[in-house]
Amino acid sequence: AHALSGFDAKPTDIIVTTLREHEEKFNATHGLKRALGDDISVVVIDQPTRSQSETVAETLRKTQLNEPFIVKDCDNVFTVSELDQPFNYVTVASLNDFDSINPRNKSYVQIDQQDFIVNFREKKVISDLFCVGGYFFQEPAQFLDTFQRLARSEAATRSEIYLSDVISAMILDGVPFRVRRVTNYQDWGTIQDWRRALERQRTLFVLLDGFVFERGSRFFAPHFEDVRANTEAVGAITRAAQAGHQIVYLSVRPDSLGQLTERQLREAGAPAAPVVFGLATSKW
């Protein structure tokens, strides 16, 4: 669910592929529907595949999908708008925007001046643009034909056919792919990376009165409805929320000012978050 949080996708547009082993051990379909919505589709395959591209091919065969689709890695999150486009594309970000990306486990693209991909290489740094794990295909049949050709090829001696291999072959066949740059990219990669990311998460209890807004009063000026926002505080809280930390506001205001407070936070550009009202005027 977190991996899909950057997509504006309805449950009816989501297909999740899982293993028979996980279906039997964890009741995966039930859990996935509880997490993502009852209207998602779940594809269960009996044995592990040799590659992500083979998993995609199996999913297309089982669903008989006949419309554009995007493949999304489940070990990261990023934001991209309007998924459905009239062209094939790969989602990318730049190494220049990150301090802690491991460049050796990414795939990289070279592009021309119109953002069309001219070269796509796995685990080899050929530019600053790396794939963040989103691959949009206009034609499922085109994907399947290319994958099956690569799988049959005598030259395909390695066990894994990457999605970058399929896309590179399609480009050589004259099928254009463009890049789309994403925002808010976070990468986990392995279960250890995921656990380290969770350990960095914090729940921040933020003082509403006297920090986010100037100190107000129900009775005397400045009244709660007239207080001004502290722009530096709002900026700090926004950056914390964007980094994945949970925000909880603490306030001496009464519950009856809930709607006013929500509007003030919205107008100040502060992150939406729960507010604990009615706290005592004391040391916190």
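- Residues F7 and F78 place their aromatic rings such that the two centres sit under 6.0 Å apart.
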message: Could you walk me through whether F116 and V179 satisfy the side chain to side chain contact (heavy atoms under 4.5 Å, CB included) test, starting with their C-alpha distance in whole Å, then the side-chain angles of each, then the deciding distance to 0.1 Å, before giving a yes or no?
response: CA-CA 7 Å; F116 285 99; V179 296; over 6 Å; no

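- Two residues are said to be in side-chain contact when any heavy atoms from C-beta on lie closer than 4.5 Å; V77 and N184 fail this criterion.
- Using a 4.5 Å heavy-atom threshold, the side chains of I237 and F211 count as touching.
- Taking a cutoff of 4.0 Å between a charged side-chain nitrogen and a carboxylate oxygen, E214 and R228 qualify as a salt bridge.
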- request: Give the intermediate values and the outcome of ring pair (Phe, Tyr, Trp, His ring centres under 6.0 Å) for residues F213 and F224.
  value: CA-CA 9 Å; F213 300 108; F224 286 126; 9.8 Å; no

task: Begin with the C-alpha distance, continue with both residues' side-chain angles, and end with the deciding distance and a verdict on side chain to side chain contact (heavy atoms under 4.5 Å, CB included) for W284 and S282.
output: CA-CA 6 Å; W284 296 349; S282 61; 3.6 Å; yes

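- Cluster annotation: V212 is connected to L250 through the hydrophobic network of ILVMFWY side chains, with a link wherever side-chain heavy atoms come within less than 4.5 Å.
- Taking the six-membered ring where tryptophan is involved, the planes of F147 and F143 are essentially parallel, since the angle between them stays under 30° and well short of 60°.
- The 12-atom threshold is not exceeded at NZ of K124, counting heavy atoms of other residues, nucleotides or ligands nearer than 6.0 Å.
- A240 approaches I247 most closely through the heavy-atom pair CB-CD1, 4.3 Å.
- Counting only heavy atoms from C-beta outward, the side chains of Y185 and T91 never approach each other to under 4.5 Å.
- Each of W194 and F98 belongs to its own hydrophobic cluster when Ile, Leu, Val, Met, Phe, Trp and Tyr are linked at side-chain heavy-atom distances under 4.5 angstrom.
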query: Can F205 and V276 be said to form a side chain to side chain contact (heavy atoms under 4.5 Å, CB included), step by step?
result: CA-CA 10 Å; F205 294 95; V276 181; over 6 Å; no

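- D173 places no side-chain N or O within donor-acceptor distance of the main-chain N or O of V175, the cut-off being under 3.5 Å.
- Annotation: side chain of R20 is not in contact with side chain of I45 (no heavy-atom distance under 4.5 Å).
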message: Please evaluate residues T203 and V248 with respect to the criterion side chain to side chain contact (heavy atoms under 4.5 Å, CB included), reporting the C-alpha separation (whole Å), side-chain torsions for both, the decisive distance (0.1 Å), and the verdict.
response: CA-CA 7 Å; T203 296; V248 178; 4.1 Å; yes

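- Between the Q138 side chain and the E67 main chain, no donor and acceptor come within less than 3.5 Å of each other.
- Around atom CG of D112, more than 12 heavy atoms belonging to other residues, nucleotides or ligands sit under 6.0 Å away.
- Below 30°, between 30° and 60°, or above 60°: for F137 and F69 the angle between ring planes is below 30°, a parallel geometry.
- When side chains are defined from C-beta on, I191 does not count as touching D193, because their heavy atoms never get closer than 4.5 Å.
- Under the 4.5 Å side-chain contact rule for hydrophobic residues, L198 and W188 share a cluster.
- In this structure a side-chain-to-backbone donor-acceptor pair under 3.5 Å is present from S53 to I161.
- Side chains of Q110 and S127: a donor-acceptor N/O pair is absent below 3.5 angstrom, by distance only.
- For the pair E122 (side chain) and D165 (backbone), a donor-acceptor distance under 3.5 Å is absent.
- Around atom CZ of R149, more than 12 heavy atoms belonging to other residues, nucleotides or ligands sit under 6.0 Å away.
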Using residues 8-18 as the side-chain source, report each donor-acceptor pair under 3.5 Å to any protein atom, sequence neighbours left out, with the distance given to one decimal.
| unit_1 | atom_1 | unit_2 | atom_2 | d |
| --- | --- | --- | --- | --- |
| K10 | NZ | D13 | OD2 | 3.3 |
| T17 | OG1 | T59 | OG1 | 2.7 |

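- Contact annotation: the side chain of R253 approaches that of D209 to within less than 4.5 Å [non-hydrogen atoms, C-beta and beyond].
- Atom CD of Q201 sits in a crowded spot, with more than 12 heavy atoms from other residues, nucleotides or ligands closer than 6.0 Å.
- The backbone N or O of A272 sits nowhere less than 3.5 Å from a side-chain atom of R266 that would complete a donor-acceptor pair.
- Judged by distance alone, the side chain of S5 and the main-chain N or O of H2 form a donor-acceptor pair under 3.5 Å.
- Side-chain contact annotation: N88 with E139, donor-acceptor N/O pair under 3.5 Å absent.
- Under the 4.0 Å criterion applied to side-chain N and carboxylate O atoms, R263 and E267 are assigned as salt-bridge partners.
- Counting heavy atoms from C-beta outward, K106 and D187 have side chains that approach closer than 4.5 Å.
- Side-chain contact annotation: R121 with S107, donor-acceptor N/O pair under 3.5 Å absent.
- Residues F136 and P68 meet the side-chain proximity criterion, which asks for heavy atoms closer than 4.5 Å.
- In this structure, R178 is not positioned above the aromatic face of Y89 in the sense of NZ or CZ being under 6.0 Å from the six-membered ring centre and within 45° of the axis.
- F26 and I40 fall into different hydrophobic clusters, where Ile, Leu, Val, Met, Phe, Trp and Tyr side chains are chained together by heavy-atom contacts under 4.5 Å.
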- prompt: Should E58 and T49 be marked as a side chain to side chain donor-acceptor pair (under 3.5 Å) after you check the CA-CA gap, both sets of side-chain angles, and the distance that decides it?
  reply: CA-CA 9 Å; E58 283 294 306; T49 61; over 6 Å; no

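- Other residues, nucleotides and ligands contribute over 12 non-hydrogen atoms within 6.0 Å of the CZ atom of R61.
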